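Input: a single structure, listed below in structure tokens.
Position 1 is the first residue of the sequence; numbering continues from there. Note that the coordinates shown come from a computational prediction; the quantities given were computed from them, not determined experimentally.
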Amino acid sequence: EITEQGYEENEGRGFGYYRDYKMLADDIKKNSLTVDSVIAFQWVSKENKLIDITGQIQDRLKQGND
């Protein structure tokens with residue numbers, strides 16, 4: 001389902017899709033993932049634009065801000 005969130009791993013490769021920050025932060029801890037492996041984007045529908053927010057999310061995760 002397109003609305004599903006979570007992390008999946010198969011044959012040593014992993015992928016996750018999240019809209020909920022807390023769920024992302026919890027799964028990073030639970031699965032011992034590195035914060036530097038997180039890539040994040042935000043869709044701005046008014047401008048029909050995709051924005052790279054990777055740095056902001058990685059910084060927030062490193063600071064432990066839930």
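Residues that satisfy the side-chain contact (heavy atoms from CB on, under 4.5 Å) test with Ile51, not counting sequence neighbours, are Val44, Lys49, Ile53. Checked against salt bridge (Lys or Arg N to Asp or Glu O under 4.0 Å), Glu8 has no partners two or more places apart in sequence or in another chain. Residues satisfying the side-chain hydrogen bond (donor to acceptor under 3.5 Å, both in side chains) criterion with Asp36, sequence neighbours excluded, are Lys62. Applying the salt bridge (Lys or Arg N to Asp or Glu O under 4.0 Å) criterion to Lys46, with sequence neighbours excluded, gives no partner residue.
For the pair Leu33 and Val38, the minimum side-chain heavy-atom distance is 4.5 Å or more.
The nearest pair of heavy atoms linking Ala40 to Thr54 is N-OG1, 3.0 Å.
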Please list, one pair per line, the donor and acceptor atoms closer than 3.5 Å that link side chains of residues 10-19 to other protein atoms, with sequence neighbours excluded.
from	atom 1	to	atom 2	distance (Å)
Tyr17	OH	Arg19	NE	3.4
Tyr18	OH	Tyr7	N	3.2
Tyr18	OH	Asp27	OD2	2.6

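The hydrophobic cluster around Trp43 extends to Ile39, Phe41, Leu50, counting ILVMFWY residues whose side-chain heavy atoms fall within less than 4.5 Å of a member.
The NZ atom of Lys29 sits 9.0 Å away from atom CG of Leu61, with the distance rounded to the nearest 0.5 Å.
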